Amino acid sequence: MSILSPYTLLRCVTSPPRRTLTVLQPTPSTTSFTVSTRTVPRTLPALLLYYVFIILRILVGALAIVVLWAKWRAHKENAGEVKRVRSDEIEGTSETAWESLVLKWVIGEELLEMLFRSVERVDWMYFGPGVLGVMWWVVRRGYTEESLLVLRGLGIQTSTSSSTYLQPPVTRFIPTTSIQDIFIHEAFKGSEVRFYLAIVVRGEEAVVVVFPHLLPRRHVLEEVWRGARACLYEPGSTTKL
Amino acid sequence: MPYNIAMISDFFFPQPGGVESHIYQLSSKLIDRGHKVIVVTHAYEGRTGVRYLTNGLKVYHVPFWVIYRESTFPTVFSFFPIFRNIVIREQIDIVHGHASLSSFCHEAILHARTMGLRTVFTDHSLFGFADAASILTNKLLKFTLSDVDHVICVSHTCKENTVLRASLDPLMVSVIPNAVVAENFRPLSYTSDDESRNGSSRTGNHKRVAPAARRIGPHDTITIVVISRLFYNKGTDLLIAAIPRILASHPNVRFVIAGSGPKAIDLEQMLERNVLQDRVSLLGPVRHEEVRDVMVQGHIYLHPSLTEAFGTVIVEAASCGLYVVCTRVGGIPEVLPGHMTVFAKPEEDDIVAATGQAIADLRAGKVRTELFHNQVKQMYSWTDVAQRTERVYDGISGVLSEGEFYQGAGAGGGWSATRGRAGVQSFALIERLKRYYGCGIWAGKLFCLCVIVDYLLYVFLEIFAPRSQIDICRNWPKKIMKDGKEKDKDVENGSKDPNPIARKRSTRHRRETREDEIES
């Protein structure tokens, strides 16, 4: 079967992103399990592409901020609050002038002029959402990462990465004393039945689902479950693995 | 060959009822015989998600919209994605649907055939042919049963009814009756006897061949028990008409009535009108495990039902040592031997007369009710039901050859609906469409359309919810000790059983269990 058969292509498109499990065990009593949809670049071209992409994102983000500033500036000028920025007139007259000075130094006078003019023509109605969209693309995290950190004698911390780079991940710490059990079960989700790993917390009605968004496959869950139990409970204790 | 079987019905625990306990008992006995069984039903209040029952019976309570008397809304296709998911993750080979009023079961059978699985349908009820609702149900039944591998009915009357309703080949319909767990329905004397002998060895139990007869004097009070849901089809109106007349002509008789339903009010009104509260006690709804405790209070069980496919409750009553008065309707005459029952026509006069007859028989000591329990125990057992159902599974999955399965009746190029004239069971879409097309002028075309849409949906799901993304479930761990015991039992059966088919099956089983052992 050739690689580019329509069926294979369709499968590539329809199958969900690959989830990889990374297990880190710095000490015997600490283990972290991370499930992520991120593709880690391994080959040199992939690595280069990865860094180029990061730089591109930073540049596009910076450009979006500059354009936004220019538009805001043009808006104020039209309203008559600020005088038009001319090369000779700006010396120290306005408190906002230093930004244009910096910009002029970076991208040059003609370009700045062009920027102002082109920005002036675009209506806020299109400009606002456009810039917002670009900003969203820049700060968006392209993958989801969920992890379970097990510390013997302390407890368990679950965390889910946020959708953007600006927000911190959502974490939850459960101390050992309130962990009653950790188990794998099945549940209906959408139109399918999925396995999930859950922690029973003392005094709570609902269980805490580990990896609630990614819901990895059964063999991954089993590995995490074994590892978590081995780490959480001393080896040779009464609980069976 | 151990099968992976999915039992599908709208009706399952926690709701009480005959179909529900049938599915449960059959499933657990099939598990005992080494098969894997799951039950798929809809979500009940307080019972959702995936549950395990005793013996590793896994139950999927699919979240679905319930419309009427715990039946789900028939949506034909919406169940397919989740059904396919369950079938793949549990590696199901046989889909076994129960109850003709369950839309879940019909949909599942349709989808299962689309996926190329073997299907069995068990019918638990009788239907008319005349009223609008029955015609509609019958048409739907015809739709589903156009393409099913085998049908099981609980009595011969039920078989006749189903064959006519769904235009089936009678050969592909088997009769496997319900059964009762006789241990749960012991007569009062039996339990006390058992307890008193608890310390002694089991041989003591065996010695007691004939328990002491219960003598009823001419002036002792005779209690008549009625346990049924108080619906029209259970004959509550007949009961309401008959009670005052029976009580008027027999002074030392009282009634115990358990159950609830829309006719409960009529019953209470009748009691008030005739001032019979001191002779008739209404217990209201009782749970299934309390049924025995109610039954053993009485001497006669009155069953005035207007329609009944099997009537498990009269077997339970006989097992409790009650003399049974019942209407001669549906499958009831097949259920119990003549010496345990008095039959009546489903009309007021005849029920009064039959009850009078039963009271007279009891007073005269003509009936040995104390022997009923052991007789029922020998007649009905779920292990037997599971064995016979397993044979059906063997037949449809080709383990038994066709001639062997039908015992010569339909062998050798015999024509049947699912097998076609070529005598080969075909899953090809066009063959299936041919079967559906014969359902009626308009219905045939409509059904074909449904089947085609279902097939397209299947292809769509195969692409957009690929099999490789569905996790396979782990099976419930089996106890090895139990396997050994089962093997022994099978060997015993094989050596004693004169039936050649049974012997053949058991040797096969023996071989397989041995293989299993080697594997493990």
Side-chain angles (χ1 to χ4, degrees), chain A residues 1 3-21 35 37 144 181-200 204-226 229 239-241, chain B residues 6 8 38-44 46-53 56-65 72 75 77-92 104 107-108 111 457-477:
Chain A
M1 201 167 127
I3 299 168
L4 283 176
S5 82
Y7 191 69
T8 333
L9 272 181
L10 206 56
R11 172 151 302 176
C12 287
V13 174
T14 56
S15 62
R18 256 187 105 72
R19 289 158 294 205
T20 48
L21 172 70
V35 177
T37 55
T144 320
D181 199 3
I182 173 164
F183 64 84
I184 297 175
H185 197 46
E186 295 137 282
F188 289 94
K189 187 157 199 301
S191 62
E192 52 182 354
V193 186
R194 296 294 291 266
F195 284 96
Y196 64 93
L197 181 66
I199 302 167
V200 184
E204 270 184 39
E205 280 281 296
V207 294
V208 176
V209 178
V210 186
F211 315 126
H213 298 282
L214 292 177
L215 293 173
R217 303 288 295 261
R218 196 195 70 193
H219 61 92
V220 173
L221 287 181
E222 280 173 3
E223 194 185 331
V224 174
W225 180 75
R226 288 215 176 80
R229 286 185 69 106
T239 48
K240 274 188 295 183
L241 285 184
Chain B
I8 306 208
I38 62 160
V39 176
V40 181
T41 181
H42 65 80
Y44 285 86
R47 193 73 66 103
T48 53
V50 183
R51 303 270 185 136
Y52 285 95
L53 300 185
L57 176 61
K58 194 174 188 179
V59 187
Y60 286 89
H61 289 278
V62 183
F64 245 75
W65 184 32
T72 45
T75 49
F77 305 116
S78 63
F79 179 43
F80 199 8
I82 217 158
F83 173 76
R84 177 175 164 275
N85 193 284
I86 291 173
V87 162
I88 292 174
R89 74 203 306 275
E90 297 284 352
Q91 297 175 299
I92 297 299
F104 235 52
E107 287 180 29
H111 302 324
L457 196 60
Y458 178 57
V459 173
F460 177 83
L461 286 172
E462 283 291 314
I463 294 169
F464 287 94
R467 267 163 202 267
S468 56
Q469 291 298 318
I470 298 172
D471 284 323
I472 306 297
C473 283
R474 271 169 185 274
N475 291 343
W476 187 262

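Here the structure is a predicted model, which means the values were calculated and not measured. Sequence lines set the chain letters: A, B, ... in the order given, protein chains first and strands last, and positions in each chain run from 1.
Using modelled atom types, no side-chain atom of A:His185 and backbone atom of B:Arg51 make a donor-acceptor pair closer than 3.5 Å. Distance alone, capped at 3.5 Å, is enough to place a donor-acceptor pair between the B:Asn85 side chain and the A:Val193 backbone.
Side-chain contact between A:Phe195 and B:Val50 is absent, with no heavy-atom pair separated by less than 4.5 Å.
Annotation: the span from A:Glu192 atom CD to B:Ile82 atom CD1 amounts to 8.5 Å, rounded to 0.5 Å. With rounding to the nearest 0.5 Å, the separation of CZ in A:Arg218 from SG in B:Cys473 is 7.5 Å. Going from atom CZ of A:Arg194 over to atom CZ of B:Arg89 covers 9.5 Å, rounded to the nearest 0.5 Å.
For B:Ile86, the part lying near chain A is the side chain, with the backbone staying farther off; criterion is any non-hydrogen pair under 4.5 Å.
Residues B:His61 and A:Phe188 approach most closely at O-CE1, 3.3 Å, considering heavy atoms. When all heavy atoms of B:Gln469 and A:Arg217 are compared, the closest pair comes out as CA-NH1, 3.4 Å.
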Show your reasoning for whether side chain to side chain contact (heavy atoms under 4.5 Å, CB included) applies to B:Arg84 and A:Ser191. CA-CA 9 Å; B:Arg84 177 175 164 275; A:Ser191 62; over 6 Å; no
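Under 4.0 Å is where a charged nitrogen must lie from a carboxylate oxygen, and between A:Glu222 and B:Arg474 at least one such pair does.
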